[in-house]
Amino acid sequence: MNVRTDTTKNRHDETDVGFSPTTNETTRGGSYFVAGAVYLAALVLPLSFTGGAVATSAIARDIGGSPAALGWITNAFMLSFGSLLMTAGMLADTYGRKRVFTFGVALFVLVSFGLCAISDLVWLDVLRAVQGVGAAAAMAGGAAALAQEFEGKERAHAFSLLGTTFGVGLAFGPVVAGMLANHYGWRAIFLSSAFIGTVALVTGIPRMRESRDPNATGLDWMGGITFTGMLALLTWAIMQAPQSGWSNPAVIGLMAGAAVLLAFFIALELRTDRPMLDLSLFRYPRFVGVQILPIATCYCFVVLLVLLPMQFIGIDGYGEIKAGLMMVALSAPLLVVPSLATLLSRWLPAALLCSVGLLIAAAGLMLLSNVVSQHDLRAVVASMFLIGLGTGLPWGLMDGLSISVVPTERAGMATGIFSTTRVAGEGLGIAIVGAVLATLIQHHLAGASGGMPHVATAAPALAVGDMAKALDLLPRTSPTTLMIAYMEAFRTLLHVLAAITIAAAIAVALLKPSHASKHS
């Protein structure tokens with residue numbers, strides 16, 4: 001989840017107090033403190049994302065809850081984070097980057113403390129959504145503040161370290177979350193996020209200079225409301241469908257509502273002088289090709305950050321620490337491969353590197369589908385490493401491509417659209433994949449359970465790793481039968497994910513996003 005916000009267009013904005021980004025030795029130390037605060041704030045985002053997945057099984061054992069409510073532990077955070085990222089960027093430009101960053105981190109910290117004391121799953125989901133609001137504000141304000149503190153090569157290096165921070169969080173977040181959950185309980189995961197956020201507030205805010213966009217003309221409130229509402233209704237429908245049925249009137253109504261809001265959003269953005277999302281950029285085929293990349297990495301990599309911990313802990317019965325250590329194989333390549341991809345792009349076309357990476361990830365998905373049910377840990381870890389290795393190639397090139405495939409004057413908006421596509425797409429992708437897995441499990445259980453009732457409820461529970469609840473709902477079904485149904489469904493899902501990844505690799509190769517200056 002290497003997120004970058006709309007900072008390119010703001011590189012020459014003036015600060016409120018009238019001085020531009022400084023480079024003298026007196027202020028350089030303050031800039032480094034600001035950068036450190038932004039990196040700390042960024043570090044808690046992957047920890048909150050992967051930590052929620054690692055904690056799901058423990059939360060289910062502790063306070064219970066329906067499968068849909070358990071699914072919202074991750075989806076609520078991703079939905080609010082992704083859908084509000086561009087709105088937060090507009091707020092930062094209008095009211096001040098420091099002000100929005102401070103508000104975001106403070107809100108994130110307060111909510112994280114609240115999550116430590118919660119004992120009701122519905123309220124936990126609500127607080128996770130509010131936590132995503134804080135994350136969006138912190139990321140938008142922090143990235144814009146980082147851009148004003150450095151110039152030239154130092155700015156590029158600062159943003160490179162920002163990406164590395166996300167890589168570290170993704171690589172070691174599951175391990176840290178697993179250790180905390182195993183030794184101190186799942187609430188310790190959120191407590192650690194609150195602690196890191198507090199350090200970011202104390203160290204960075206006093207030294208951060210306020211700035212805003214002098215050309216800001218206001219906020220596209222209706223665009224933000226309709227976009228967020230559309231994603232919320234669509235995600236709700238997708239998560240409800242496995243239990244209620246895809247033809248259920250409520251599910252159909254939610255999807256229809258999402259379609260109406262989408263149409264309304266598009267109409268608004270086309271008629272607004274300064275839209276939240278400039279749809280005219282989609283006239284560039286290479287820009288469309290770049291948007292495929294975060295969608296592809298979502299389905300070959302990000303969804304596994306949620307599904308695999310729940311499977312390892314809830315289905316396979318591994319402890320949180322062991323599950324976290326296994327997850328390192330998936331995400332550790334992102335510490336090295338993105339930098340290697342950037343280096344290779346000097347000699348090889350970016351589109352070729354991205355396509356090859358996606359094909360490698362697809363091969364890893366197919367290998368994982370063949371070994372995941374055999375409990376061969378070495379083979380499972382090797383296939384996960386292959387997926388991470390392939391994902392690292394497009395992961396290291398996507399951010400640069402998002403602004404290189406459009407005219408320079410459109411680079412800021414292009415980055416904002418890319419960030420929104422990435423994070424909102426990940427939240428929606430997690431919901432879709434979870435629903436597909438539950439539907440596949442239900443299909444396998446329908447035959448194995450001999451027509452027992454509650455299969456439609458047991459399947460979503462099994463999909464989020466709640467084996468105990470599935471057994472309660474299907475008392476005449478053995479754990480072995482449930483595990484076989486899950487593994488068969490998961491194998492099929494991995495085949496679907498591999499097919500999506502291969503299709504994306506072909507599409508990227510045809511649209512050929514590159515670092516060339518020409519635009520289609």
S.K.: Under the side-chain contact (heavy atoms from CB on, under 4.5 Å) rule, what do Trp395 and Val337 come out as? Steps first, then yes or no, please.
M.R.: CA-CA 8 Å; Trp395 196 276; Val337 179; over 6 Å; no
S.K.: Between Ser369 and His495, what is the shortest heavy-atom contact and its length?
M.R.: OG-NE2, 3.2 Å
S.K.: Is the shortest heavy-atom distance from the side chain of Ser383 to the side chain of Val371 under 4.5 Å?
M.R.: yes
S.K.: After noting the C-alpha distance and the side-chain angles of Leu428 and Ile238, does the key distance pass the side-chain contact (heavy atoms from CB on, under 4.5 Å) rule?
M.R.: CA-CA 9 Å; Leu428 190 59; Ile238 291 170; 3.8 Å; yes
S.K.: Students often mix this up, so state it plainly: with edges at 30° and 60°, are the rings of Phe312 and Tyr318 parallel, tilted or perpendicular?
M.R.: tilted
S.K.: Quick one: do Trp72 and Val122 satisfy side-chain contact (heavy atoms from CB on, under 4.5 Å)? Show the steps, please.
M.R.: CA-CA 9 Å; Trp72 278 110; Val122 173; over 6 Å; no
S.K.: Just so I know, are the side chains of Leu43 and Tyr39 near enough to count as touching, which here means a heavy-atom distance under 4.5 Å?
M.R.: no
S.K.: Any side-chain heavy atom of Val496 within less than 4.5 Å of one from Val436?
M.R.: no
S.K.: Looking only at heavy atoms, which two atoms of Ala237 and Leu254 are closest? And how far apart?
M.R.: CB-CB, 3.6 Å
S.K.: Would you check if Ser478 and Thr481 make a side-chain contact, meaning some heavy-atom pair closer than 4.5 Å?
M.R.: yes
S.K.: Given Leu358, which partner from the list Thr501, Ile502, Ile292 fulfils the side chain to side chain contact (heavy atoms under 4.5 Å, CB included) test?
M.R.: Thr501
S.K.: Mind checking whether Val381 and Leu330 have side chains closer than 4.5 Å, heavy atoms only?
M.R.: no
S.K.: When rounded to the nearest 0.5 angstrom, what is the spacing between OG in Ser247 and CD1 in Ile252?
M.R.: 6.0 Å
S.K.: Taking the side chain as everything from C-beta on, heavy atoms only, tell me whether Gln131 gets closer than 4.5 Å to Leu110.
M.R.: no
S.K.: What's the separation between atom CD in Gln311 and atom CE in Met467, rounded to the nearest 0.5 Å?
M.R.: 10.0 Å
S.K.: Just verifying a value: how many Å separate Thr235 OG1 and Leu79 CG, rounded to the nearest 0.5 Å?
M.R.: 4.5 Å
S.K.: Can you classify the ring geometry of Tyr486 versus Phe490 as parallel (below 30°), tilted (30 to 60°) or perpendicular (above 60°)?
M.R.: parallel
S.K.: Which heavy atom of Ser193 sits nearest to which heavy atom of Val44, and what is that distance?
M.R.: O-CG1, 3.9 Å
S.K.: Do the side chains of Asp316 and Lys322 get close enough for a salt bridge, i.e. N-O under 4.0 angstrom?
M.R.: no
S.K.: Just say parallel, tilted or perpendicular for the rings of Phe227 and Phe265, cut-offs at 30° and 60°.
M.R.: tilted
S.K.: To the closest 0.5 Å, what do you measure between CG (Leu304) and CE (Met384)?
M.R.: 8.0 Å
S.K.: Minimum heavy-atom separation for Ala129 to Ser80, with atom names?
M.R.: O-OG, 2.7 Å
S.K.: Say you draw a straight line from CZ of Phe77 to CD1 of Ile430; how long is it, rounded to the nearest 0.5 Å?
M.R.: 10.5 Å
S.K.: Met139 vs Phe101, test: side-chain contact (heavy atoms from CB on, under 4.5 Å). Steps then yes/no.
M.R.: CA-CA 7 Å; Met139 195 66 245; Phe101 177 75; over 6 Å; no
S.K.: Is atom CE of Met179 surrounded by more than 12 heavy atoms (other residues, nucleotides or ligands) closer than 6.0 Å?
M.R.: no
S.K.: Within the 4.5 Å heavy-atom criterion, are Asp120 and Ile63 side-chain neighbours or not?
M.R.: no
S.K.: Heavy-atom distance under 4.5 Å between the side chains of Thr391 and Pro333, does that happen here?
M.R.: no
S.K.: Would you name the heavy atoms of Val109 and Leu201 that are closest together and state the gap between them?
M.R.: CG2-CD1, 4.4 Å
S.K.: Rounded to the nearest 0.5 Å, what's the gap from CZ on Arg187 to OG on Ser112? Could you check?
M.R.: 14.0 Å
S.K.: Examine distances only and state if a side-chain atom of Arg99 and a backbone atom of Tyr95 form a donor-acceptor pair shorter than 3.5 Å.
M.R.: yes
S.K.: Testing the basics here: between Ala458 and Ala470, what is the closest heavy-atom pair and its distance to 0.1 Å?
M.R.: O-CB, 4.0 Å
